[in-house]
There are 2 protein chains.
Amino acid sequence: MKRASHQTAARVTIEDVARAAGVSTGTVSRVLNRRAGVKAATRHAVLEAVSRLEYRPDAAARELSLRHPKRIGFHVAPSSTRFSPFYTLFAQHLSAALQESGLRLETVPSRPDGLPARSADAFVLVGLHDDDARIGYLHAQGIPVVLAGHAEGERWTRADDVDGGRQAALHLLRLGHTELLHVTGDLGGQAAFDRFRAFRGALQEAGVALPDARVLDGGFTTLGAYRAVRRALEGGVTFTGVFAASDEMACGVIAALEDAGLRVPGDVSVVGFDDLPEFGDGLTTVRQDVAKVAATAAALLKESLRGEPPRSEVIPVQLVVRGTTARRR
Amino acid sequence: MKRASHQTAARVTIEDVARAAGVSTGTVSRVLNRRAGVKAATRHAVLEAVSRLEYRPDAAARELSLRHPKRIGFHVAPSSTRFSPFYTLFAQHLSAALQESGLRLETVPSRPDGLPARSADAFVLVGLHDDDARIGYLHAQGIPVVLAGHAEGERWTRADDVDGGRQAALHLLRLGHTELLHVTGDLGGQAAFDRFRAFRGALQEAGVALPDARVLDGGFTTLGAYRAVRRALEGGVTFTGVFAASDEMACGVIAALEDAGLRVPGDVSVVGFDDLPEFGDGLTTVRQDVAKVAATAAALLKESLRGEPPRSEVIPVQLVVRGTTARRR
DNA sequence: CTGAAAGCGCTTACAG
DNA sequence: CTGAAAGCGCTTACAG
């Protein structure tokens with residue numbers, strides 16, 4: 001039975017936990033901060049009390065006693081569109097998750113050479129590409145790094161772009177589409193590339209070709225996708241199904257189709273990626289759990305600050321079928 | 001002479017200020033929080049010490065002693081595009097400014113009826129339109145409100161959209177353009193409407209007409225602007241100068257012009273609004289000082305929390321002439 | 001009008 | 001391995 005947690009309800013403090021577990025507050029603190037040298041039995045007692053009382057440390061108190069707040073740098077590759085809805089959303093979730101632990105997220109701009117212009121106690125890197133120079137640069141300074149992407153031996157998390165691309169392909173194939181078009185983001189970036197590769201791979205397995213003329217660069221923008229599709233249409237390219245590597249691009253694709261007199265999903269089926277409600281609410285798309293990716297990144301960040309060994313985690317995606325895909329006529 | 005302020009430099013505390021001013025820390029706190037009942041002379045001594053030592057209160061300590069952090073709700077009208085770069089940037093600046101004072105900015109979603117879905121200790125409302133229902137709704141609950149926009153008798157701040165629209169017009173007129181096109185955002189919103197009205201007003205004063213056919217709704221999106229202009233061009237509308245109510249739309253305008261074989265600024269001059277570096281870096285535009293608007297909003301928010309009387313402030317804008325405008329040939 | 005002191009909720013040497 | 005206590009930088013009754 002849960003008490004209604006009013007804004008004004010007396011909050012559970014570390015002292016409550018200590019009392020409940022029959023130990024001192026210092027010990028509770030040690031357990032919570034994973035310091036070595038606590039007997040397993042006491043640790044368990046503490047952890048049990050923590051979860052029973054639903055204790056959540058006060059960020060301000062923590063920050064104050066730590067002397068200075070840890071600052072987490074948020075850096076997006078200059079080749080990526082800094083204001084993409086996905087990054088914005090990701091940063092919002094991440095900031096909220098970090099705030100709970102007394103960590104501050106700071107957006108750091110790029111230097112002319114593309115590296116972060118300021119320092120921080122740890123970094124989250126987004127808009128990752130292979131051989132991303134930022135990783136080595138930060139490592140050289142001994143600054144912990146967490147990637148929204150992936151790289152061997154690093155700390156990273158990402159949505160399952162590979163499975164997402166595959167699911168989009170399978171869905172379209174199941175509906176009988178074989179003349180497929182793919183609108184990509186920046187293929188130099190991991191997200192776009194992984195989606196593309198998995199999409200094409202799944203088609204190949206099914207014996208369906210994806211000629212170069214049907215792979216269009218939409219640059220992860222609505223207008224980019226619109227122009228690319230419109231040009232393709234004018235150039236005589238034909239297709240009955242489209243996979244766009246983001247919902248914004250799916251929007252552009254649909255607009256281009258409509259402007260050309262084609263109907264969605266009557267004439268052409270369209271699948272997006274991300275599942276951002278503000279982009280076409282009837283869109284069939286691959287949902288990625290931004291909040292979960294952000295929460296995982298926050299956890300990795302905290303581990304990195306404690307010097308724990310690197311690990312990585314792939315967050316599952318899910319195909320959400322709505323109104324922009326239909327069986328081929 | 002300023003000391004290099006290392007991350008590790010001993011920070012100036014309220015105690016240092018108290019000592020320097022020859023008073024107790026309690027008194028310094030009273031002055032800083034504008035509590036009544038401090039002798040003018042002592043107040044001045046404290047303020048002098050504060051600025052001489054460049055004292056900046058520690059947000060965490062403040063939050064801790066205040067018992068619970070104040071939460072500021074950030075709400076954008078559902079009719080506005082939540083992920084517009086401008087809002088994102090504004091929220092970033094605002095969040096940073098508030099954090100310094102131990103205030104937390106929380107993005108709050110909309111209910112189906114468009115009102116904020118959660119409560120907070122105070123609200124910042126963006127995407128304002130006339131007779132905005134959110135204002136009365138929050139007032140009725142006694143929640144302080146600050147507007148990024150304007151309304152009689154309220155606390156508000158905004159960039160000088162009116163002067164911005166005028167400047168865009170004057171610039172184009174000075175270059176000899178008289179066949180002008182305006183691409184608007186959502187005219188139901190104040191920002192778009194004020195810019196439009198001022199632009200048209202300035203033209204009228206100069207005896208230059210702006211027929212309805214040359215006022216296009218771009219919906220504050222790149223693609224919206226692109227399609228609107230392209231359609232106008234196909235419909236035979238002619239013009240040599242364009243004012244787009246945002247840089248994103250200016251981008252779309254330029255793309256549409258180029259796709260139609262027109263050159264910028266050779267054939268057509270284009271002026272944007274905002275001055276976001278990521279949108280066309282050679283763009284002639286009206287710069288608004290987002291950081292300043294955000295800082296002002298933060299100040300108003302703090303005043304509202306202290307129950308001070310409402311006031312409002314217009315932040316000046318500035319025309320930045322770059323490569324997308326030229327003299328009419 | 002202002003000072004001395006308690007308290008906010010944590011962390012971490014310091015003992016033991 | 002763990003407790004008692006000091007300290008982080010503020011605010012605010014409580015006295016005077």
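In what follows, chains are A, B, ... by sequence order, proteins preceding strands, each numbered from 1. These numbers come from a predicted model, not from an experiment.
- As rounded to the nearest Å, C:dT12 and C:dG16 have C1' atoms that lie 16 Å from one another.
- In this structure, the nucleotide among D:dG3, C:dC10, D:dC10 sitting nearest to the side chain of A:P57 is C:dC10.
- Under the 3.5 Å distance criterion, the side-chain polar atoms of B:R134 are matched with a main-chain donor or acceptor of B:H75.
- If you measure from atom CZ of B:R62 to atom P of D:dC8, you get 20 Å, rounded to the nearest angstrom.
- Atom CG in B:L32 sits roughly 9 Å away from atom P in D:dC10 (whole-Å rounding).
- Atom-to-atom, CG of B:L53 to P of D:dG9 comes out at 15 Å; the value is rounded to the nearest Å.
- Residues satisfying the side chain to side chain contact (heavy atoms under 4.5 Å, CB included) criterion with B:H44, sequence neighbours excluded, are B:A40.
- Taking the six-membered ring where tryptophan is involved, the planes of A:H150 and A:W156 are perpendicular, since the angle between them exceeds 60° and thus also 30°.
- A:A159 and A:V317 make their closest contact through CB-CG1, 3.9 Å (heavy atoms, listed as atom of the first residue, atom of the second, distance).
- Rounded to whole angstrom, the span from the CZ atom of B:R56 across to the P atom of D:dG9 amounts to 15 Å.
- The residue among B:L64 and B:K39 whose nearest nucleotide of DNA chain C is located toward the 5' end is B:K39.
- The CD1-C1' distance, from A:I14 to D:dA4, rounds to 14 Å in whole Å.
- Of the side-chain N and O atoms in A:T13, none sit less than 4.0 angstrom from OP1 or OP2 of C:dG9.
- Remark: D:dA13 base-pairs with no nucleotide in the shown strands. Criterion, Watson-Crick or G-U wobble with two distances under 3.5 Å.
- Of all heavy-atom pairs between B:V108 and B:G73, the closest is CG1-CA, 3.7 Å.
- Taking atom CD of B:E63 as the reference point, atom C1' of D:dG9 lies 13 Å away to the nearest angstrom.
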Under 3.5 Å, which N/O atoms of the protein pair with N/O atoms of nucleotides 12-16 of chain C?
unit_1 : atom_1 : unit_2 : atom_2 : d
C:dT12 : OP2    : A:R35  : NE     : 3.4
C:dT12 : OP2    : A:R35  : NH2    : 3.2
C:dA13 : N6     : A:R30  : NH2    : 3.0

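- Ion pair B:R104/B:E106 not flagged as a salt bridge, since none of the NZ, NE, NH1 or NH2 atoms sits closer than 4.0 Å to an Asp/Glu carboxylate oxygen.
- Put simply, NZ on A:K70 is 16 Å from C1' on C:dC10, counting in whole angstrom units.
- A donor-acceptor contact closer than 3.5 angstrom is absent between the side chains of A:Q288 and A:D275.
- A straight line from CZ of A:R306 to C1' of C:dT11 spans 14 Å, rounded to a whole angstrom.
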